Amino acid sequence: MSNQVTNSTPNKIQLVVFILVGITCLLPMVSSPVALILGFTLASIGWAPEQVHLAALTKKLLAYSIVGLGFGIQFDSALAISIANLPLILGSIILTLVLGFALTKLLKLETKTGHLIASGTAICGGSAIAAVSPAIKANSEQTAIALATVFILNSVALFVFPAIGHALSMSQHDFGVWSAIAIHDTSSVVGAASAYGNEALTTATTVKLARALWIIPIAFISAMLFKGDNNKIAIPYFIGFYCLAIAIAHFFPAGEIAYSAIFEVSKRVLVVCLFLIGAGITIQKMRATGPKPLVLGVLLWLAIGASSLAYILI
C-alpha cells in the first residue's frame, strides 16, 4: 500500500505541474514557439501525463479555437482573399501531390505513407492525414509516421517562417498568405502568423481554411486511387462551424464586442494547443520515423515553400 502511495505521488505532482504550465500558456507573454518548447521539454523528461489522451484533447481544443477565430474574420475580406488566392491554393495542392507521388517512388518509400505525407503537406497537415488515412485504408503505423513527420516540420516552421518573413521585409498580408500555403497544420499556421502580427493572422487563417476545404475532394480521389472506402472519409466539422461564425459576425454586427472577446480568447487557447502538440513529440518518436519519410517531408516542404514564396513576391 505504501509503495502505491509513493509511486502515485510523483505522478500527481507531474500532472499538476503539466496543468499549471498549460494554464500559463494562456498568458500573453507566452508565445507560440515558447509553448511548443515547454510541451516538448515536459514530454522529453517524462512529465507528460499518460492518463490524458493529449491528441484527442488537442484536436477538440484546436477545433473550438478555429471556430472562435471565425468571429474575428470579416466576410467581405475573407471572400476577397480566398478568390484572389485561388490559383495559388489550387496550384500548390496539385504540385505537392504530383511531386509527392514522384518522390515516393524515387525514395522507394511505402506508397501509402508517402501519399499521407504529401496530402498533409498539400492541404492542412494532421487534419488531412486523419481524413485521407481511413479513405486509403492506411494502418496505424503508416498514419503515425506521416503525423510525426508533419509535426516535426510544423515545429520548425514556428521559428523559421517569422524569421524569414522579417528578413525579407514581407508585408503582413503577404506573410499571412505564404504561411497559410507553406505550413502544414492550422495550429502552426496560426502560431507563426500570430507571432508576425494581427493582419497576418487574419489573412493566414482565412486562406488556410479555404485551403482546408480541399480535404473533401482529395479524400474522395485518394479513396478511388487506392480503392479504399469512400464511406469512411472523416471531414473536419470545424470548417463548417468556422464559416457559420463568420456569417454570424457578418449578419449580426451588434455583437461586435462579444465577437472580439471570443477572437482574443481563441488566440490564447491556440497557444495552449501548441503546448499540447509539443507534449506529444518525443525524441523516441522522432527517431522511430526513420530518415526516408522525413526526407520526403522536407523536400515537399522546400518545394511548396520556395515556389509559393516566389509566386507571392514576384
Side-chain angles (χ1 to χ4, degrees), residues 33 36-37 39-40 43-44 55 91-133 135-164 178-189 191-192 208 211 214-215 218-219 221-222 225-226 274 277-278 280-311:
L36 190 79
I37 291 175
F40 176 75
S44 297
S92 63
I93 291 173
I94 294 171
L95 170 66
T96 305
L97 290 175
V98 172
L99 185 59
F101 175 79
L103 288 175
T104 297
K105 294 292 185 184
L106 183 64
L107 293 170
K108 296 181 180 179
L109 179 63
E110 196 280 320
T111 307
K112 289 185 179 180
T113 302
H115 183 71
L116 288 175
I117 293 173
S119 298
T121 306
I123 308 175
C124 56
S127 296
I129 292 171
V132 172
S133 180
I136 66 174
K137 295 183 177 179
N139 61 39
S140 58
E141 182 180 352
Q142 293 163 338
T143 304
I145 290 174
L147 286 171
T149 301
V150 165
F151 284 155
I152 290 170
L153 297 181
N154 275 327
S155 306
V156 175
L158 280 170
F159 299 93
V160 171
F161 272 66
I164 294 175
W178 183 47
S179 60
I181 295 296
I183 300 178
H184 308 75
D185 273 335
T186 304
S187 57
S188 293
V189 170
K208 184 63 177 179
R211 186 177 169 208
W214 288 90
I215 285 178
I218 294 302
I221 293 171
S222 298
L225 289 175
F226 286 84
L274 288 165
I277 288 172
I281 303 172
T282 63
I283 295 175
Q284 290 80 5
K285 286 184 180 180
M286 293 170 67
R287 287 175 178 171
T289 60
K292 287 186 178 180
L294 189 58
V295 169
L296 174 63
V298 169
L299 291 176
L300 289 176
W301 194 35
L302 290 174
I304 193 173
S307 60
S308 59
L309 181 62
Y311 180 93

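Every heavy atom of this structure was used, including side-chain atoms; hydrogens, water molecules and symmetry mates were not. Computed from a predicted structure; not experimentally measured.
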Give a yes or no on whether the backbone of [Y] and the side-chain of [X] come within a donor-acceptor separation of less than 3.5 Å.
| X | Y | answer |
| --- | --- | --- |
| Arg211 | Cys124 | no |
| Asn154 | Ser188 | no |
| Lys105 | Thr111 | no |

Q: Scan Ile123, Thr121, Ile181 and name whichever one has a side-chain contact (heavy atoms from CB on, under 4.5 Å) with Thr96.
A: Thr121

Q: Taking the side chain as every heavy atom from C-beta outward, state whether Leu97 and Ile218 have any atom pair closer than 4.5 Å.
A: yes

Q: Please tell me if the side chains of Thr104 and His115 come closer than 4.5 Å, counting only heavy atoms from C-beta onward.
A: no

State, to 0.1 Å, how close [X] and [Y] come at their nearest heavy-atom pair, and which atoms those are.
| X | Y | value |
| --- | --- | --- |
| Ile183 | Lys208 | O-NZ, 2.9 Å |
| Leu107 | Lys292 | O-NZ, 3.2 Å |
| Ile136 | Lys112 | O-NZ, 2.9 Å |
| Ala128 | Ser119 | CB-O, 3.6 Å |
| Pro162 | Ala192 | CG-O, 3.9 Å |

Under 3.5 Å, side-chain donor or acceptor atoms of residues 293-305 against the rest of the protein: list the pairs with distances, not counting sequence neighbours.
from   : atom 1 : to     : atom 2 : distance (Å)
Trp301 : NE1    : Ala182 : O      : 2.8

I need the [X] [atom1] to [Y] [atom2] distance, nearest 0.5 Å.
| X | Y | atom1 | atom2 | result |
| --- | --- | --- | --- | --- |
| Ile145 | Ile117 | CD1 | CD1 | 8.0 Å |
| Ile129 | Asp185 | CD1 | CG | 7.5 Å |
| Gln142 | Leu116 | CD | CG | 7.0 Å |
| Ser179 | Ile164 | OG | CD1 | 11.5 Å |

